[in-house]
Amino acid sequence: MPKIEDVEQARSHIQGIIHKTPILQSRSIQEKWGRRVFFKAEHLQKTGSFKIRGAANAVINAVSGGATLVTAASSGNHGQAVAYIAAELGISSIIVVPTDASPAKVAAIQAYGGRVEYCGTTSAERIPRAKSLAHEMSGVYIPPYDHCDIIAGQGTVGLEILEQMPDADVIVVPVGGGGLISGILTAVKARRPDVLVIGAEPALANDTALSLERGEITAIGPTETIADGLRTSQPGDLTFPVVNELLDGLVLVEEQEIIEAMRDIAMRTKQLVEPSGAVAPAAVMSGKAGTADQTIIAVTSGGNVDLQRFAELVNIAETE
Ligand SMILES: *Cc1c(COP(=O)(O)O)cnc(C)c1O
């Protein structure tokens, strides 16, 4: 299991590379939602999501070990983060994406300096390809969440929240593969065990909820949740034990609630948050995480959504 020392070491490694993101507050949202809620603005992080924290820590360690190439299997935020940090450190990256990856995402990876390789449509095809490319070319494969360096890097979000919000009662965190929440749990439960950490998952991608219920890693089938960063089929071998031992609660949010939270945040704070980044706020908005007498910090984990998609989603919210 990752330890607080790993998170502290990650912080010293990535400090000069990442942004210390602000905590945002909106009176208007606090009134509408009836909650003293604040947002930890990782949608303003470099590359548009917190993924750069874990990726930077893992790639820095790979470079210290002599690597001159890293690979990843992701057309989303992890792929962009690995491409960005590899270029920043002066090494090459190959990002394996599905054959149907959106041109905008591919262009973003290329703009950061990553080489794009197409392979299949499922992660079961992409991951082995990314691993074998790394193997053939003496590079290092960088996984999206189930790795100690990644968990420790994501945990730096937790250290920052505790410093920025010493009166925090509850931290609400989106859960995909569980890298972000297991990192935050590692930091928060070592430093401030009294602060509650609550996970938020889309009801359509409830693999962690099911796994917690059964006490063992449980997979779900393919899901179409709009929160595309949370579509992982099961929690990780390293992340699940942390979540299972330390988590204070997990809540499920509906698609419509995610859209409404995106809309409220755009209208009232003028911030653009992607669907995955609105899952923790949606849990607060719907009253499922946090109560009226608590100081709540919801992590807005990413902001990578194109405007056309954003407009389509928000229009759904308006017409219903
Ligand atoms: C990856 C991602 C998540 C989920 O993180 P995990 O570490 O996989 O649980 C949440 N939000 C955004 C924006 C992401 O990119």
Side-chain angles (χ1 to χ4, degrees), residues 2 7 10 21 39-55 57-58 72-84 105 108-109 123 127 142-158 171-187 197-202 205-209 211-212 217 220 223 225-240 242-243 247 250 253 258 261-262 265 271-283 298-306 309-310:
V7 182
T21 53
F39 301 120
K40 173 61 172 167
E42 285 295 296
H43 62 288
L44 301 177
Q45 185 53 264
K46 284 202 183 155
T47 73
S49 84
F50 72 91
K51 287 285 200 315
I52 189 67
R53 295 175 182 261
N57 191 40
S74 154
S75 61
N77 292 337
H78 177 63
Q80 293 184 32
V82 171
Y84 173 90
K105 288 185 171 174
I109 291 168
S123 59
I127 293 170
I142 309 289
Y145 53 86
D146 213 22
H147 188 292
C148 192
D149 291 348
I150 300 284
I151 296 170
Q154 320 306 31
T156 60
V157 175
I171 302 174
V172 188
V173 185
V175 181
L180 178 61
I181 198 160
S182 56
I184 289 178
L185 281 166
T186 302
V197 179
I198 310 250
E201 239 185 353
N206 62 342
D207 51 301
T208 296
S211 301
L212 287 170
I217 294 175
I220 57 166
T223 160
T225 173
I226 58 168
D228 54 0
L230 309 179
R231 283 184 191 156
T232 41
S233 59
Q234 60 182 69
D237 294 329
L238 294 179
T239 59
F240 182 66
V242 179
V243 169
L247 193 68
L250 185 90
V253 301
I258 300 171
M262 281 173 78
I265 290 171
Q271 300 288 314
L272 196 63
V273 166
E274 66 178 273
S276 302
V279 167
V299 180
T300 47
S301 51
N304 292 326
V305 55
D306 64 60
R309 175 79 178 136
F310 182 84

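Residue numbers start at 1 and run along the sequence shown. We count ligands from 1, going down the list as the structure has it; atoms in each ligand are counted the same way.
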Trainee: Are the side chain of Thr300 and the backbone of Lys40 linked by a donor-acceptor contact shorter than 3.5 Å?
Mentor: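 At least one qualifying donor-acceptor pair exists.
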Trainee: Excluding sequence neighbours, so at least two apart, what forms salt bridge (charged side-chain N to carboxylate O under 4.0 Å, His left out) with Lys51?
Mentor: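 Checked Lys51 against salt bridge (charged side-chain N to carboxylate O under 4.0 Å, His left out); zero matches.
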Trainee: Looking at Lys105 and Asp228, is there a salt bridge between them, counting it only when a charged N and a carboxylate O are closer than 4.0 Å?
Mentor: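 Yes, this pair counts.
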Trainee: Kindly print each ligand 1 N/O atom paired with any protein N/O atom under 3.5 angstrom away, one pair per line, or none if nothing qualifies.
Mentor:
unit_1: ligand 1; atom_1: 7 (O); unit_2: Gly179; atom_2: N; d: 2.9
unit_1: ligand 1; atom_1: 7 (O); unit_2: Leu180; atom_2: N; d: 2.9
unit_1: ligand 1; atom_1: 8 (O); unit_2: Gly177; atom_2: N; d: 2.8
unit_1: ligand 1; atom_1: 9 (O); unit_2: Gly176; atom_2: N; d: 2.8
unit_1: ligand 1; atom_1: 9 (O); unit_2: Gly177; atom_2: N; d: 3.3
unit_1: ligand 1; atom_1: 9 (O); unit_2: Gly178; atom_2: N; d: 2.8
unit_1: ligand 1; atom_1: 11 (N); unit_2: Ser301; atom_2: OG; d: 2.6
unit_1: ligand 1; atom_1: 15 (O); unit_2: Lys51; atom_2: NZ; d: 2.8
unit_1: ligand 1; atom_1: 15 (O); unit_2: Asn77; atom_2: ND2; d: 2.8

Trainee: Against Leu212, only a single residue in Asp207, Val243, Asn206 fulfils side chain to side chain contact (heavy atoms under 4.5 Å, CB included); can you say which?
Mentor: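 Only match with Leu212 under side chain to side chain contact (heavy atoms under 4.5 Å, CB included): Val243.
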Trainee: How close do Pro281 and Val299 get, counting heavy atoms only, and between which atoms?
Mentor: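 Looking at all heavy atoms of both residues, the shortest contact is CD-O, 4.1 Å.
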Trainee: Indicate the atoms forming the closest heavy-atom contact of Val197 with Leu247, along with that distance.
Mentor: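 Answer, listing the atom of Val197 first, then Leu247: O-CD1, 3.5 Å.
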